[in-house]
Asks: 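Below: one structure in structure tokens.
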Amino acid sequence: MIKRKSVIQVKDLVAKYGDDIILDRISFDVYEGEIFAVLGGSGSGKSTLLKHLIGLLQPYSGQVIIDGDDIANCDEKKFQAILRKIGVLYQSAALFGSMTLAENIAMPIFEYTDLPKISVDNLVKMKLDLVHLDGYENHLPSEISGGMKKRAGLARAMALNPKILFFDEPSAGLDPVTSAELDNLIVNLNRNLKTTMIIITHELQSIFAVAHRVILLHRSNRGIIAEGDPQYLRDHSKNLFVKQFFNRLAGDNTVD
Amino acid sequence: MRKSEDLQSCRYEVSQSEDGSMTLHIQGRMDASSAGRMIEGVKSLLKDRLPSSLTVDLEKVTYLDDFGALVLVELKYLMTGAKDKLYLTNASDKVKDVLSILNFDTIGERVSAPKKRSPNIFTRLGEGVFRQASDLTFTFAFIGSVCLSLLYVCLHPKSLRTNDTFLNMEKMGVDALPIVGLISFLLGLIMAFMSSVQLRQFGANIYVASLVSLAMVRELGPIMTAIIVAGRSGSAFAAEIGTMKISEEVDALFTMGFDPTRFLVVPRIVASVIVVPFLTLFSDLFAIVGGLVVGVSMLDLTANAYVAQTIKTLTLFDVFWGFLKSGVFAVLITMVGCLRGFQVKGGAAGVGRATTSAVVSSIFLIILSDSIFAIILRYWG
Ligand SMILES: Nc1ncnc2c1ncn2[C@@H]1O[C@H](COP(=O)(O)OP(=O)(O)OP(=O)(O)O)[C@@H](O)[C@H]1O
Ligand SMILES: [Mg+2]
């Protein structure tokens, strides 16, 4: 097997809130063009990990290297350059409430490209169409549903076609049909634009449908308890929790 | 081949045949970095004369994303004026995939959503009137529900959330004491200083004490305190309740069986009615001390004489009147702050508007009700 290029390298990352250690010396790589899923029970530190990957929180120790640059120890200019390479869909979509959906998406495009106004409008329309929100250009975020907000947030995260896309629970709050469509969209974007994607999710179906590789976090060891292909882990893992997680079994001793 | 242009990583060549059709050969990466210049280029190319048909050869395109597709979309829009349309040839599978998930084939046929906001002035006027009317109804409903809740709490004193009330008393009163004290002290200082310049000419230095104490206790103490409380706490109420409203916390309270008014508004009203009059009393006191400092240091008055004159001037009624006024101001500030909070719609900007509006409306209501008090006193006292 050929050695693939890593776009994200996490080395011995320790994440703390005050004195609470949430993640204890975890290391993993995400390769170029990969769909990488971060799994784990509620409260296992998935969102915390994401915040470290995108530079919102500083690691207590260890390194997060994005495309060759250490995100925690780099100058302001480098950091801005890294930010241009990433797009983030937040757990609560984080759309700007005072702007319409079209303005939300157009904002980064105006800022970072030299496209004329009419072209930006057309582009925004295409982006909204991509997430099945055509016709909602002039709605405010407060006027659309939770699932629609999520999709609009996705369109905004993709506004500049970043090299790496982060999703915090993309399909939470979506109906099964839209959720499956979103999976297709993710696979399509990944294949055609070669976007590397890091997805935080609980949805087993979508994990099996899209993820190439996963890591599974667990509270017990404040770190990774399994890493690899999701199908393989489901069928061959020896670890009880991994089995329970991928086969959707209850946590008590119903497993023989 | 007639024209060629360099566009960093992306370039195109144009060939034209005799029957008026044109072919664009595009090569390289069609992405965000090249899209702007590509669009300008093709626009100026097609501006003079539209070809009868346009074929775009995508054979050498190595990468295409939606910014690249945008160039093709712009071409398509430009070509809608021509007899014949736009043809794409030699697109690789990847490019075709991207174009198909973007629904490129149907893109020109879709109608865009109509812009909101009717430009008609009469429609806007009508909307404005309806909005004001519904605001007014909401205000009356709110006042009604506050009265009912207060009544309920009077009848069932146990249902008052005492912890919350004490917390609010601390935030409104104790925490405001330093700033109220400082401002009142300076106000007393200034008043004594300004009036002494005039009164000294008549040798009536001692009346500085009367002027400062009477003006402060009857008018300025309650008003200054109320304005500070409006700025500190009225705005905080609006922001807090507004944020709770947009994050559906108010709805959660409601479905859990709590009456949002009784839960949020009543403790704040009770706290403010208790605390603001005392704050006013402190304000009066600090102002008198401020006046005393000027009197003793600049007007050759003794502290004893100053205090004696102050006590001689003030009646119990004056103090009571100031107390009453500040109680009324407190209710107004709290009601307006909470009302504006409950009226918040939309997102963060709505909270900002509510906060501004809470402070502005409270200050207006404070001055208005103070005038009413003045009139009542004039004809009654
Ligand atoms: N701002 C914070 N301050 C202190 N502790 C926090 C903070 N945010 C999260 N935590 C703690 O960190 C742990 C991990 O939280 P995190 O939000 O990363 O979980 P998660 O895996 O994203 O869960 P979920 O699937 O429910 O979103 C939790 O135990 C939580 O109590
Ligand atoms: Mg989370």
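Below, read A as the first sequence line, B as the second, and so on, with proteins coming before strands; counting in each chain starts at 1.
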Asks: Would you compute the distance between atom CD of E74(B) and atom OG of S119(A) and round it to the nearest 0.5 angstrom?
Replies: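 Those atoms lie 3.5 Å apart.
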Asks: Using heavy-atom distances under 4.5 Å, tell me whether V73(B) contacts chain A through its side chain, its backbone, both, or neither.
Replies: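 When you check distances to chain A, only side chain atoms of V73(B) fall under 4.5 Å.
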Asks: How many angstroms lie between CG in L115(A) and CZ in R37(B), if you round to the nearest 0.5 Å?
Replies: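 Reported value, rounded in 0.5 Å steps: 12.0 Å.
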Asks: Rounded to the nearest 0.5 Å, what separates atom CG in N122(A) from atom CG in D66(B)?
Replies: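 If I round to the nearest 0.5 Å, the distance is 12.5 Å.
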Asks: If you count the non-hydrogen atoms of other residues, nucleotides and ligands that lie under 6.0 Å from NZ in K345(B), is the total more than 12?
Replies: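 Incorrect, the count does not exceed 12.
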Asks: Which of these passes side chain to side chain contact (heavy atoms under 4.5 Å, CB included) with L193(A): D65(B), L64(B), D97(B)?
Replies: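 Going through D65(B), L64(B), D97(B) one by one, the side chain to side chain contact (heavy atoms under 4.5 Å, CB included) with L193(A) is satisfied by D65(B) alone.
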Asks: Atom CD of residue position Q231(A) - does it have more than 12 heavy atoms of other residues, nucleotides or ligands inside 6.0 Å?
Replies: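 For Q231(A), atom CD is crowded (more than 12 foreign heavy atoms under 6.0 Å).
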Asks: Under the side-chain contact (heavy atoms from CB on, under 4.5 Å) rule, what do Y77(B) and I118(A) come out as? Steps first, then yes or no, please.
Replies: CA-CA 11 Å; Y77(B) 282 139; I118(A) 305 169; over 6 Å; no
Asks: Pull out the residues in residues 156-163 of chain A that come under 4.5 Å of chain B, heavy atom to heavy atom, sorted by number.
Replies: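 Heavy-atom contacts from residues 156-163 of chain A to chain B are A159(A), L160(A), N161(A).
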Asks: Give a yes or no on this: more than 12 heavy atoms of other residues, nucleotides or ligands lie within 6.0 Å of atom NZ of K60(B).
Replies: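 Check fails, neighbour count at 12 or below.
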Asks: Run the side chain to side chain donor-acceptor pair (under 3.5 Å) test against Y17(A) and tell me which residues pass, sequence neighbours left out.
Replies: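 Testing Y17(A) for side chain to side chain donor-acceptor pair (under 3.5 Å), a comparison that skips the adjacent residues, returns T48(A).
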Asks: Measure the spacing between CG of L102(B) and NZ of K125(A) and express it to the nearest 0.5 Å.
Replies: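 Answer rounded to 0.5 Å: 14.0 Å.
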Asks: Flag the one option from G352(B), G350(B), G346(B), A348(B) with the top tally of heavy-atom pairs under 4.5 Å to chain A.
Replies: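 Maximum pair count with chain A is reached by G346(B).
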Asks: Of the listed residues (N188(A), L123(A), D114(A), L185(A)), which shares the most heavy-atom pairs with chain B below a 4.5 Å separation?
Replies: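 Of the options given, most contacts go to L123(A).
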Asks: Looking at residues at least two apart in the chain, or sitting in another chain, which of them share a side chain to side chain donor-acceptor pair (under 3.5 Å) with K194(A)?
Replies: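 So K194(A) forms no side chain to side chain donor-acceptor pair (under 3.5 Å) with any residue.
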Asks: How about NZ on K94(B), more than 12 heavy atoms from neighbouring residues, nucleotides or ligands closer than 6.0 Å, or not?
Replies: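 No.
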Asks: Between L70(B) and chain A, which part of the residue has a heavy atom less than 4.5 Å away: side chain, backbone, both or neither?
Replies: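 Both backbone and side chain of L70(B) come within 4.5 Å of chain A.
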Asks: Taking every non-hydrogen pair under 4.5 Å, which of L130(A), T113(A), T100(A), V120(A) racks up the most with chain B?
Replies: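 The option with the most such pairs is L130(A).
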Asks: Restricting to salt bridge (Lys or Arg N to Asp or Glu O under 4.0 Å), what partner residues turn up for D70(A), sequence neighbours left out?
Replies: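 Result, salt bridge (Lys or Arg N to Asp or Glu O under 4.0 Å) vs D70(A): none returned.
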Asks: Nearest 0.5 Å, what's the CD1-CZ distance between I109(A) and F67(B)?
Replies: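 So the gap between those two atoms works out to 4.5 Å.
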Asks: Indicate the atoms forming the closest heavy-atom contact of I39(B) with P116(A), along with that distance.
Replies: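 Distance-wise, the nearest heavy atoms are CG2-CG, 4.5 Å.
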